[in-house]
Amino acid sequence: MKRPIPSWASLDEIRAEVRQCAKERPEFKKVENLVLRIFTLQEEVRMKGILRPEDEDLKQSLRQGTALLGDLCLDLEVFARHVEALVNLLDSTGAQVVPAPELVLEFFQAHVDQLVDGLAGAPRAWVKRLHESTGLSPDVAQFLLWAVMHPFFRGAARSIIGDRDTHLWSGSTCPVCAAKPHMGQLRENDGLRVMECWLCAAQWEYPRIRCPFCGNEDQETLGFFHLEGDEGCRVQVCDSCKRYLKVFDARVLDREVVLSVQHLATLGHDAVAREEGYLPGSSLVLVPEIGEMEEVEETTERGENG
Ligand SMILES: [Zn+2]
Ligand SMILES: [Zn+2]
């Protein structure tokens, strides 16, 4: 049977995926408990003030590619508690990854509205701001931006599209929040490429032989590699724009996976892609970068639909 798109992972499915990834990847095993606690904290966050649109309005948005996430309002108390819980959790690892917890709390409280409006379109610019204001390393700043904002975006996306099919959308960016993709999955039964938004977890189909970052469809310059013994995770690369994304092959893995977990479990692949000279098309900062943070052109405009 065809699985519907989108399909939202439950907390139990997320936990099972974390445990499975920890078995398969020794590096990830070290952070298994931390990751489990973060997903649990995220699940506890509840959305408020999100309205589900009428079916016809949703279809119209998907056809036209207009942003659906215009009026996301957060409960500021829930938000502040969530940031604090995450900071405490990271702090409790003893790895001293958060040099100034109070600055981090202040930063999120001062910028919550701007983050809602701007994080999807310019994740890298936000990493730079958070890094400069708080002393967090850029990759930890990126992780924290995701950990803080993901449950709110996911809750909003889920409440907006629910189980309704997103097939009318054929754009290269997320149909809900307009973020550029960082990961996808080749579906088990038909090999269809399904993208999942790193920020809001909305899913949509995208042609397999097309670069989502530059539109290139030339098979000569599109390719992928995987690490030895790890055929389930493909790093798909485009030699026209030198960008990459990670795509998990459910046919090789013998199951459909929870992409938000698989992504965290395969950050080593991101490091290799960078070493090979490719930039993340999503412009996420996932691995420590050498020297100053590069300026990467980011756009808040939506990709073309079609
Ligand atoms: Zn999204
Ligand atoms: Zn490209």
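The structure displayed is predicted, hence computed values, not measured ones. Each ligand, and each atom within it, is numbered from 1 in the order the structure gives.
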(Q) Here's one to test your reading of the geometry: is the NZ or CZ of Arg234 within 45 degrees of the ring axis of Phe224 and under 6.0 Å from its centre? (A)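 Output yes; distance and angle both within limits.
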Q | Tally, protein N/O/S atoms nearer to the Zn ion (ligand 1) than 2.8 Å | A |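 There are 4 of them.
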Q: Could you tell me whether Arg255 and Glu24 make a salt bridge, using a distance below 4.0 angstrom between a side-chain N and a carboxylate O?
A: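 Salt bridge present between Arg255 and Glu24.
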Q.
Whether Arg129 and Glu132 form a salt bridge (side-chain N of Lys/Arg under 4.0 Å from carboxylate O of Asp/Glu) is what I want to check.
A. no
Q.
Tell me which one of Leu145, Thr134, Val87 satisfies side chain to side chain contact (heavy atoms under 4.5 Å, CB included) with Phe108.
A.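 Passing option: Leu145.
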Q. Which angle, to 10 degrees, forms at the Zn ion (ligand 2) with SG of Cys238 on one side and SG of Cys211 on the other?
A. 110°
Q) Under the side-chain hydrogen bond (donor to acceptor under 3.5 Å, both in side chains) criterion, do Ser137 and Asp139 qualify, and how do the steps go? A) CA-CA 6 Å; Ser137 69; Asp139 54 322; 2.9 Å; yes
Q. Minimum heavy-atom separation for Arg274 to Pro280, with atom names?
A.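 Shortest heavy-atom contact: CD-CD, 3.8 Å.
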